[in-house]
Number of protein chains: 2
Amino acid sequence: MKDVLPIAASSAEDIVAHLTEAVHDHRVLPGMKLSEDEVGDIFGVSRTVVRQALRAMAHGGLVSIERNRGAFVAKPSVKEAREVFEVRALLEPQTARAAAERATPADVALLEDHIAQEHAALAADKAGLALKLSGAFHVEIARIADQRTIEAFIGQLVSRSSLVIALYWQRRNALCESHAHHALLDAFRHNDPDQAEDLMKGHLLDLVSQLNLRETRDETTSLRDALLG
Amino acid sequence: MKDVLPIAASSAEDIVAHLTEAVHDHRVLPGMKLSEDEVGDIFGVSRTVVRQALRAMAHGGLVSIERNRGAFVAKPSVKEAREVFEVRALLEPQTARAAAERATPADVALLEDHIAQEHAALAADKAGLALKLSGAFHVEIARIADQRTIEAFIGQLVSRSSLVIALYWQRRNALCESHAHHALLDAFRHNDPDQAEDLMKGHLLDLVSQLNLRETRDETTSLRDALLG
DNA sequence: GAAACCCAGATCGTATACAATCTGTGCTAG
DNA sequence: CTAGCACAGATTGTATACGATCTGGGTTTC
């Protein structure tokens with residue numbers, strides 16, 4: 001079981017993309033060790049490029065690097081978790097407003113497809129995949145708003161949100177957000193900035209309200225199993 | 001002139017700090033080439049650590065890396081320049097509000113010292129230094145607001161703002177912002193969130209209004225001269 | 001004379017080797 | 001039996017070496 005074929009990825013960006021996706025759909029969980037050798041084995045590259053990837057992810061807040069100890073998937077504290085959603089609450093409503101002003105039929109179609117995939121993922125009981133798509137939806141809105149700087153920031157915040165959700169989500173009600181996304185889609189379709197802004201604001205509040213920002217949780221799994229299994 | 005003593009800096013973070021400072025006070029200008037060998041010589045480290053530093057700065061938007069061509073100090077486009085200040089307008093007024101709510105006498109004293117240094121720099125005709133301090137002032141406000149995530153973002157935005165100012169500033173009136181900072185300080189001293197928010201909003205609008213977001217400018221200087229001369 | 005081509009120098013990209021640091025295990029002393 | 005220490009294995013940090021790619025100048029050809 002040691003050398004299944006490595007994942008096709010040569011560049012550091014590929015590795016970042018793969019690992020980030022794995023974190024987004026909760027195949028890789030907060031606290032997991034990302035050993036340079038192991039990652040290098042899995043992707044079939046040398047440690048040099050692995051280190052580039054890990055440091056890049058560290059800059060995005062997805063990974064924390066401890067000197068002489070290695071890289072770990074970040075475990076945001078309760079304070080950091082709050083901060084992430086506070087910043088999102090500052091950035092995203094206004095961004096949704098701008099997106100609603102600019103959204104073209106092509107944009108709407110793309111978001112529709114996004115939501116359809118989310119539904120399919122939920123139907124197939126792939127909660128992780130649905131979560132990843134849900135995050136991408138938010139980033140896509142920033143793209144539609146034609147705000148690349150904000151898009152990059154929201155990308156980071158969505159990544160960290162995945163970590164926060166992995167740590168602090170209370171499962172009592174399954175994720176019903178696709179409803180919120182559908183409502184947002186309507187606002188975009190009708191180019192209604194006011195409603196888009198309000199809906200986004202409410203959506204983010206909803207998300208935070210479903211978190212339990214008191215206790216922490218702990219889990220550990222093999223990185224190799226998470227990525228290749 | 002080839003081997004003046006290298007700047008004392010061993011770690012990648014030191015190099016990032018030095019180079020970032022140099023950019024902030026306009027000793028290093030947009031478009032300047034940051035050759036790995038040259039930077040390594042200047043700081044007395046190997047290319048390995050230089051690359052770490054340059055990639056880190058690239059993630060912050062201060063440097064742009066072109067594959068097989070090298071690293072250059074970023075030259076934000078007019079669109080990026082607008083975006084930077086649009087994001088700042090979203091983040092900073094609210095942050096100033098939070099800071100005004102939390103500011104302690106110690107915080108106020110620290111900001112006072114900051115402003116005093118700014119004045120001294122302006123009096124000594126060190127416009128670059130004054131600019132750097134002015135940016136640090138904004139970051140300090142985020143720290144007082146106890147928002148580390150926002151602090152990091154504003155740090156990035158201030159960095160890029162330095163580049164924008166280097167490219168698009170129209171010099172017709174010298175930078176009189178220390179006045180705006182003084183007004184903000186008063187709002188913090190009296191714990192007046194409303195006024196702090198308004199002042200910050202106006203301050204940012206002022207800054208943008210003093211930019212000429214139409215033409216670009218070009219200049220080139222030796223990195224070594226900029227850092228060591 | 002101008003354009004296309006080719007080659008040399010320089011610069012970056014990646015891999016590998018070695019040094020520094022940490023973790024955990026087993027031993028020893030109290 | 002427990003606490004402290006020391007050493008071995010593992011992992012990361014840094015430097016260096018080599019290969020790939022780009023830039024610019026000089027030559028050739030039309």
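Keep in mind that this is a model prediction, so the values were computed, not measured. Order of the sequence lines fixes the chain letters, A, B, ..., with proteins taken first and strands second; residue numbering starts at 1 for each chain.
Looking at D107(A), its side chain does come within 3.5 Å of a backbone N or O of T104(A) through a donor-acceptor pair.
Residue S46(A) places at least one side-chain N or O under 4.0 Å from the OP1 or OP2 atom of dA15(C). At least one side-chain nitrogen or oxygen of K33(A) sits closer than 4.0 Å to the OP1 or OP2 atom of dT12(D).
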Could you list the donor-acceptor pairs under 3.5 angstrom formed between side-chain atoms of residues 150-160 of chain B and any protein atom two or more places apart in sequence or on another chain?
unit_1, atom_1, unit_2, atom_2, d
E151(B), OE1, R148(B), NE, 3.4
Q156(B), OE1, R160(B), NH2, 3.3
S159(B), OG, H24(B), NE2, 2.8
S159(B), OG, G155(B), O, 3.3
R160(B), NE, G60(B), O, 3.4

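The distance between atom CZ of F43(A) and atom C1' of dT14(C), rounded to the nearest whole Å, is 18 Å. Nucleotide dA17(C) holds its C1' atom 15 Å from the CD atom of E36(A), rounded to whole Å. As rounded to whole Å, 7 Å separates atom P of dT12(D) from atom CZ of R47(A).
Considering only the side chain of S35(B), dC12(C) comes nearest among dA15(D), dC12(C), dT12(D).
Pairs passing the ring pair (Phe, Tyr, Trp, His ring centres under 6.0 Å) check and including a residue from residues 46-67 of chain A, sequence neighbours excluded, read H59(A)-H59(B).
Using a 4.0 Å cut-off on heavy atoms, the residues of residues 55-73 of chain B that approach DNA chain C are R67(B), N68(B), R69(B), G70(B), listed by number.
For F72(B), there are no ring-ring contact (aromatic ring centres under 6.0 Å, His included) partners at least two apart in sequence or on another chain. For R88(A), the salt bridge (charged side-chain N to carboxylate O under 4.0 Å, His left out) criterion is met by E92(A), not counting sequence neighbours. Scanning for side chain to side chain contact (heavy atoms under 4.5 Å, CB included) contacts around A71(A) gives L34(A), L54(A), V63(A), I65(A), with sequence neighbours left out.
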